[in-house]
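Just so it is clear: chains get the letters A, B, ... in the order the sequence lines come, proteins before strands, and each one is counted from 1.
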Amino acid sequence: DAEITQSPRHKITETGRQVTLACHQTWNHNNMFWYRQDLGHGLRLIHYSYGVHDTNKGEVSDGYSVSRSNTEDLPLTLESAASSQTSVYFCASSDRRTYEQFFGPGTRLTVL
Amino acid sequence: SQQGEEDPQALSIQEGENATMNCSYKTSINNLQWYRQNSGRGLVHLILIRSNEREKHSGRLRVTLDTSKKSSSLLITASRAADTASYFCATVGNYGQNFVFGPGTRLSVLP
């Protein structure tokens with residue numbers, strides 16, 4: 001069965017370190033998205049991609065970067081982790097025709 | 001600013017009752033979607049309604065869309081304890097972009 005996976009599921013890091021969160025989907029979807037979820041804010045879009053080598057900034061992109069070298073993967077990098085980036089991060093993918101998004105299980109990141 | 005805003009923020013009902021959640025948005029849309037999130041899990045797609053549709057059903061779910069008022073409602077009939085979750089609306093812009101989620105409604109169904 002097709003799926004979308006994220007790794008790691010939990011991560012603790014220190015302020016200033018570079019962190020990369022992985023997202024891998026086997027739906028063969030063109031569209032991929034990264035969100036963060038914090039209490040009181042719902043989901044906020046960080047970056048998204050509509051295909052290989054395409055990346056776009058979302059609502060809260062400062063301090064984050066992504067690259068899309070193939071259809072299956074969209075890794076999210078925190079260049080220099082800050083305590084404000086402590087959050088739960090969700091990756092999602094969608095077919096460009098249906099718009100329905102399929103979500104990964106999430107990564108809980110703690111920045112100390 | 002957020003496109004979708006759910007109302008109420010939290011809702012507590014007895015098993016068997018109906019639950020209604022509302023979503024308001026600000027700009028024109030291609031479609032509106034409802035998602036469910038169980039505690040500690042990712043979101044799961046429930047239903048999509050296009051801007052030219054007014055009502056849609058899926059099992060115990062009924063969704064309405066009023067584009068003149070820029071609002072949608074999700075009705076869950078005959079609720080069950082297993083329906084306890086957070087429910088989010090998400091709007092998609094006219095060209096498939098700007099996928100924006102609201103802050104969600106936390107539904108508790110008491111047995």
Side-chain angles (χ1 to χ4, degrees), chain A residues 1-7 9-10 21-25 27 29-51 54-61 74 87-109, chain B residues 1-10 21-27 29-53 56 58 61 63 65 85-107:
Chain A
D1 287 347
E3 61 177 356
I4 179 166
T5 57
Q6 294 182 234
S7 62
R9 295 295 312 279
H10 302 271
L21 308 183
C23 175
H24 179 81
Q25 54 100 2
W27 291 99
H29 286 158
N30 292 303
N31 304 339
M32 295 185 73
F33 307 82
W34 272 105
Y35 297 90
R36 60 178 288 175
Q37 185 175 34
D38 305 285
L39 280 175
H41 288 279
L43 275 80
R44 291 184 289 175
L45 183 63
I46 304 171
H47 282 285
Y48 60 100
S49 168
Y50 287 152
D54 175 74
T55 60
N56 306 280
K57 294 180 178 180
E59 178 188 357
V60 290
S61 60
L74 187 70
S87 187
V88 180
Y89 291 86
F90 288 99
C91 179
S93 69
S94 75
D95 184 278
R96 63 175 56 168
R97 295 167 300 161
T98 64
Y99 302 114
E100 174 186 342
Q101 294 203 353
F102 293 81
F103 280 79
T107 293
R108 183 174 294 277
L109 176 67
Chain B
S1 60
Q2 289 196 13
Q3 171 75 316
E5 294 279 344
E6 291 92 345
D7 167 53
Q9 290 185 344
M21 288 159 269
N22 303 298
C23 171
S24 59
Y25 58 93
K26 296 177 181 175
T27 62
I29 60 172
N30 175 286
N31 67 78
L32 185 145
Q33 303 177 35
W34 285 91
Y35 287 79
R36 165 196 170 122
Q37 183 181 34
N38 288 87
S39 181
R41 303 283 190 95
L43 278 71
V44 175
H45 183 266
L46 293 176
I47 195 165
L48 179 153
I49 186 165
R50 302 190 188 283
S51 59
N52 61 353
E53 297 176 312
K56 208 161 182 182
S58 177
L61 306 180
V63 170
L65 179 65
S86 291
Y87 292 82
F88 296 86
C89 71
T91 54
V92 180
N94 282 326
Y95 302 101
Q97 82 292 14
N98 297 334
F99 206 100
V100 182
F101 284 86
T105 292
R106 218 167 41 253
L107 173 66

Inset, instruction - For residues A/Q101 and B/Y35, report the shortest heavy-atom separation together with the two atoms involved. - result: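 Closest pair (atom of A/Q101, atom of B/Y35, distance): N-OH, 2.9 Å.
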Inset, instruction - Select one option (side chain, backbone, both, neither) describing which atoms of B/Q9 are under 4.5 Å from chain A's heavy atoms. - result: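 Neither part; nothing is under 4.5 Å.
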Legend entry - Part of B/L48 within contact of chain A (heavy atom distance under 4.5 Å):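 For B/L48, the side chain is the part near chain A, not the backbone.
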Inset, instruction - Specify which of A/Q37, A/E100, A/Q6 makes the most heavy-atom pairs with chain B at under 4.5 Å. - result: A/E100
Inset, instruction - Look at the side chain of B/Q33 and the backbone N and O of A/Y99, then say whether any donor-acceptor pair between them is shorter than 3.5 Å. - result: yes
Legend entry - chain B contact via A/Y35 - side chain, backbone, both or neither, heavy atoms under 4.5 Å: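 It is the side chain, since no backbone atom gets that close.
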